[in-house]
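Below you'll find the structure, written out as structure tokens, and then a few comments.
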Amino acid sequence: MFALFSALESGVIYAIMALGVYLSFRILDFPDLTVDGSFVTGAAISATLIVHGQNPFMATIAGMLAGFIAGCITGILHTKGKINPLLSGILMMIALYSINLRIMDQRSNVPLLGEDTSFTLITGFWQKLGIDGAVNNLFTAIGLGGSLPKTWGIFFIMAIVTLLIKFATDWFLRTEVGLAIRATGDNKRMIRSFSANTDSLTVLGLGLSNALVAFAGALIAQYGGFADVGMGIGMIIIGLASVIIGEALFGTKSIGRATLAVILGAVVYRIIIAFALQIEFFETGDLKLITALIVVCSLVLPKLLDARKEQARKAKRRQLHRQALERKGEEIAATKISS
């Protein structure tokens, strides 16, 4: 029960990062590897500011703004520098590694133990409301009272924050600028014919994407109690896994449904990881391997299922065609007999 709750708790935080990946990969159709660096940038800036006595919420916003700037620089490298999208993201990711070390004063790790973070403040506020007792009593009454968390504050508050970001993203993507960004990802040549500045739209889209990623990084650092220079390795794969799983399980018929699918995909991904790590064969160091396997399965299985469905449709069409020919042959035979 506790492992499941921890997966849900971290899942709603990682969902914010997954929404950022969704903006770059699905909306802009831009393979942005800046994510691995901007995630750490958000964590590094927020942790460093908190250690130096700054307000945790302001430190989190500062990390988010730094992620926005990093994303914009990636966009500028691509649009103005005419650098390949993949390469521009890799270059920015490499540059951010050194920048993040400078932010962390050349230390690979900044601990937050004993510091007031956003989550300690949220927990303190939540406990004053007295909701934890009522929620725990409810679970106990239905027979799920074992290994309940000390507080539900982080989960509920972060779920609300994530949903607010989801609704804000939905609203933005339906505005004139948001529609132009979506059109830029679909067909740059077409949107240019309407005198839209696709370069500016790409820069803005990548900035917003990495702002969400850095925001998630700042929250994860405070949630885990430390910022580490290597915590962003493979983060793009985690984001992609969340997007792919969400799309496969919940569909993408509309923007609202797609962003909800991404959030649920991030939660499902964390649950899969939590249960996988319960297997004795796997160790904590196998986390990246498990993530890669999940992404491979998420990519391959839908195609195999689609291929199987297509074979079934073709077989059905052949059967119907055969039945039609048989009926036609019977009609011709009956006509000859009657004549």
Which atom of [X] lies closest to which atom of [Y], heavy atoms considered:
X	Y	answer
Val213	Ser38	CG1-OG, 3.6 Å
Ala227	Met231	CA-SD, 4.0 Å
Gly185	Asp29	O-CB, 3.7 Å
Ala18	Ala266	CB-CB, 4.3 Å
Gly67	Ala214	CA-CB, 3.5 Å
Gly11	Arg270	CA-CG, 3.4 Å

Taking Asn100 as the fixed residue, which of Asp228, Thr48, Thr41 is the one that meets the side chain to side chain donor-acceptor pair (under 3.5 Å) rule?
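Going through the options one by one, the only one that passes is Thr41.
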
Does the plane of the ring in Phe39 sit parallel, tilted or perpendicular to the ring in Tyr14? Use 30° and 60° as the thresholds.
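Parallel: the ring planes of Phe39 and Tyr14 meet at under 30°.
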
Tell me whether the rings of Phe156 and Trp152 are parallel (<30°), tilted (30 to 60°) or perpendicular (>60°).
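Aromatic pair Phe156/Trp152 classed tilted.
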
Crowded around [X] [atom1]? As in, over 12 foreign heavy atoms under 6.0 Å?
X	atom1	answer
Met190	CE	yes
Phe125	CZ	no
Gln323	CD	yes
Arg102	CZ	no

Within a strict 4.5 Å, meaning less than it, do heavy atoms of the [X] and [Y] side chains meet?
X	Y	value
Asp36	Tyr97	no
Leu112	Val51	yes
Lys80	Val203	no
His78	Phe30	yes
Arg26	Glu247	yes
Leu49	His52	no
Leu179	Leu173	no
Leu201	Val177	yes

Treating Ile, Leu, Val, Met, Phe, Trp and Tyr as nodes and any side-chain heavy-atom pair under 4.5 angstrom as an edge, say whether [X] and [Y] lie in one connected cluster.
X	Y	value
Ile271	Tyr223	yes
Ile99	Leu206	no
Phe275	Leu8	yes
Ile238	Leu33	yes
Ile237	Met92	no

[X] [atom1] to [Y] [atom2] distance, which is reported to the nearest 0.5 Å:
X	Y	atom1	atom2	answer
Ile76	Cys72	CD1	SG	6.5 Å
Leu208	Leu19	CG	CG	12.0 Å
Phe57	Thr117	CZ	OG1	8.5 Å
Ile16	Ser242	CD1	OG	12.0 Å
Leu113	Glu115	CG	CD	9.0 Å
Met158	Glu9	CE	CD	10.0 Å

Do the charged groups of Asp170 and Lys166 touch, with an N to O distance under 4.0 Å?
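Looking at Asp170 and Lys166, the cut-off is met.
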
In terms of side-chain geometry, is the basic nitrogen of Arg317 or Glu310 positioned less than 4.0 Å from the acidic oxygen of its partner?
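Looking at Glu310 together with Arg317, the answer is yes, because their closest N to O distance falls below 4.0 Å.
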
Going through the checks in order, is the side chain to side chain contact (heavy atoms under 4.5 Å, CB included) test met by Ile165 and Leu212?
CA-CA 9 Å; Ile165 292 173; Leu212 292 179; 3.7 Å; yes

List the steps and the verdict of side chain to side chain contact (heavy atoms under 4.5 Å, CB included) for Lys316 and Arg313.
CA-CA 5 Å; Lys316 190 174 182 180; Arg313 283 194 293 267; 5.7 Å; no

List the steps and the verdict of side chain to side chain contact (heavy atoms under 4.5 Å, CB included) for Phe119 and Leu219.
CA-CA 8 Å; Phe119 292 113; Leu219 293 174; 4.2 Å; yes

Tell me if a side-chain donor or acceptor on [X] pairs with a main-chain N or O of [Y] at a distance below 3.5 Å.
X	Y	result
Gln54	Ala59	no
Thr120	Asp116	no
Ser98	Ala95	no

With respect to Leu23, which candidate in Leu28, Asn210, Thr169 satisfies the side chain to side chain contact (heavy atoms under 4.5 Å, CB included) definition?
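Of all the options given, the one that passes is Thr169.
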
Applying the side chain to side chain contact (heavy atoms under 4.5 Å, CB included) criterion to Ile103, which one of Val110, Ile45, Leu96 satisfies it?
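Of Val110, Ile45, Leu96, side chain to side chain contact (heavy atoms under 4.5 Å, CB included) with Ile103 is met by Ile45 alone.
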
Going through the distances and angles, do Thr34 and Thr74 end up as a side-chain hydrogen bond (donor to acceptor under 3.5 Å, both in side chains)?
CA-CA 7 Å; Thr34 311; Thr74 300; 2.8 Å; yes

For a side chain to side chain contact (heavy atoms under 4.5 Å, CB included) check, start with the C-alpha distance between Phe25 and Val243, then their side-chain angles and the critical distance, and finish with the verdict.
CA-CA 9 Å; Phe25 271 82; Val243 172; over 6 Å; no

Under the side-chain hydrogen bond (donor to acceptor under 3.5 Å, both in side chains) criterion, do Thr198 and Lys188 qualify, and how do the steps go?
CA-CA 7 Å; Thr198 55; Lys188 281 188 178 182; 5.6 Å; no

